[in-house]
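Each remark here refers to the structure printed beneath this line.
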Amino acid sequence: MSRVLMIGAGGVATVAAHKMAQNAGVFTELMIASRRREKCDDIVSALKQRYHKLPKLQTAQVDADSIEQLTALFDSYKPELVVNLALPYQDLTIMEACLASGCHYLDTANYEPKDEAHFEYSWQWAYRERFEKVGLTAILGCGFDPGVSGIYTAYAAKHHFDEMTQLDIIDCNAGNHHKAFATNFNPEINIREITQKGLYYEDGKWLETEPLSVHQPIDYPNIGPRESYLMHHEELESLVLNFPSIRKARFWMTFGQQYLTYLDVIQNIGMSRIDEVVYEAPKADGTGVERVKIVPLQFLKAVLPNPQDLGENYDGETSIGCRIKGVKDGKQRSYYVYNNCSHQAAYKETGMQGVSYTTGVPAMIGAMMLLKGLWRKPGVWNVEQFDPDPFMEQLNVQGLPWHEQFDGEFPDEL
């Protein structure tokens, strides 16, 4: 018997809920909670229409910014594990509530302050002793990247290298949603991430680049060459600590030219700002004007296509993996491990597109690892600090099969 409370009702949470329903023998009781309870009810309704055997399902309304509301909900439902699929701004309040109520914790993205486009693990790592002291496990970054990218790296270290020296995480979305401009996950988080300066690790130092200024074509399996841009991504921060032999670590992501053109316009006209601005709006009764405060990026999010609605017309596939160089048995070697995910196959199974699928499936597998006792130790941990083997086995079972190439089997342009 297991009781899980999942916070969030977006695309990733929808995929995770479908996968938990498919594994009802592990997930016997599930509560889905969000700021808007009707979205949780919609997920439950979809599950009931599709699956015969289900966990015992409940929904709830909660403000994930409120420790008090979260703690009251956790104390009432008494989950063994809280799966945080809400916004990264809310990681710390949810972790605080888990400590107060005695629940294990899992998320897919590290904390960032709402008023600053900056993310790093230090805020969450600061909780290590508190979780350890009360015997609770917190698993950080259990999506695809971060998440599977770290597990791939741990698997490579365990099975294919005596020493790893270079890591390149490469992420390609070769899909087409047939929209002029849309983001594949929460627009506010997506645009904040992409417009930050790039950051990579080399010879013990972190080196900064201007946003999207470093790029090169990378050849992706079944897709071909796509222009790929160096970005800051949080998993590099933990991976170079946990695998200190790595001397160079980078993260690359593809973007189409049309996307970059729209993004440039959004920045140039101030719509990517995350500070409040004030404008004068006519009063509804026509008696004058009132001063209204908005955050431009949050307003933009409200008018852009909802990532949850992209799946039906989304074609093509994603390709995400790790290219690693190092030494095995005294010889230099290269290794590439990756997954390709079809947007249409993801939509057919869960009603969501491939980007949500590649994050929601690993979140469910990580929860499964904890509930089975395979990934459970007091403290705060990144995914690469656990045994990768049972997780890798489940990726093949749960819809994200992985593939390996060695040495000269793939272009070594990185």
Shortest non-hydrogen contact from [X] toward [Y]:
| X | Y | value |
| --- | --- | --- |
| Phe251 | Leu236 | N-CD1, 3.9 Å |
| Ala21 | Tyr51 | CB-CD1, 3.8 Å |
| Gln394 | Ile365 | CB-CG2, 3.7 Å |
| Pro79 | Val4 | CB-C, 4.3 Å |

Does a side-chain N-to-carboxylate-O contact under 4.0 Å join [X] and [Y]?
| X | Y | answer |
| --- | --- | --- |
| Arg333 | Glu163 | no |
| Glu29 | Lys78 | no |
| Lys158 | Asp389 | yes |
| Asp168 | Lys248 | no |
| Glu202 | Arg247 | no |

Whether [X] side chain and [Y] backbone form a donor-acceptor pair below 3.5 Å:
| X | Y | answer |
| --- | --- | --- |
| Ser342 | Gln344 | yes |
| Thr93 | Gln90 | yes |
| Gln61 | Arg35 | yes |
| Thr254 | Glu227 | no |
| Gln353 | Tyr347 | no |
| Thr59 | Arg37 | no |
| Lys39 | Gly10 | no |
| Ser319 | Glu317 | no |
| Ser76 | Ala72 | no |
| Ser238 | Glu234 | no |

**Request:** Could you tell me the separation between the CG atom of Asn84 and the SG atom of Cys142, rounded to the nearest 0.5 Å?
**Result:** 12.0 Å
**Prompt:** What's the verdict on side-chain hydrogen bond (donor to acceptor under 3.5 Å, both in side chains) for Gln398 and Asn23, showing C-alpha distance, side-chain angles and the deciding distance?
**Reply:** CA-CA 9 Å; Gln398 304 295 342; Asn23 293 274; 3.1 Å; yes
For [Y], is the NZ or CZ atom of [X] found under 6.0 angstrom from the centre of its six-membered ring and inside 45 degrees of the ring axis?
| X | Y | answer |
| --- | --- | --- |
| Arg3 | Tyr77 | yes |
| Arg323 | Tyr336 | yes |
| Lys377 | Trp381 | yes |

**Request:** Would you please indicate yes or no on a ring centroid separation below 6.0 angstrom for Tyr155 and His159?
**Result:** yes
**Item:** Worked verdict on His232 versus Gln196 for side-chain hydrogen bond (donor to acceptor under 3.5 Å, both in side chains)
**Value:** CA-CA 7 Å; His232 170 38; Gln196 287 192 64; 5.1 Å; no
Between [Y] and [X], is there a side-chain heavy-atom distance shorter than 4.5 Å?
| X | Y | result |
| --- | --- | --- |
| Ile169 | Trp252 | no |
| Glu384 | Thr153 | no |
| Leu241 | Trp125 | yes |

**Side-chain donor-acceptor contact under 3.5 Å, Tyr105 with Asp107** = yes
**Prompt:** Under 3.5 Å, is there a donor-acceptor pair between the Asn173 and His343 side chains?
**Reply:** yes
**Prompt:** Under 30°, 30 to 60°, or over 60°: which ring-plane class applies to Tyr335 and Phe406, parallel, tilted or perpendicular?
**Reply:** tilted
**Asked** In terms of ring plane angle, is the pair Trp375 and Phe391 parallel, tilted or perpendicular, where the classes change at 30° and 60°?
**Response** parallel
**Request:** Look at atom CD of Glu129 and say whether more than 12 heavy atoms of other residues, nucleotides or ligands are closer to it than 6.0 Å.
**Result:** no
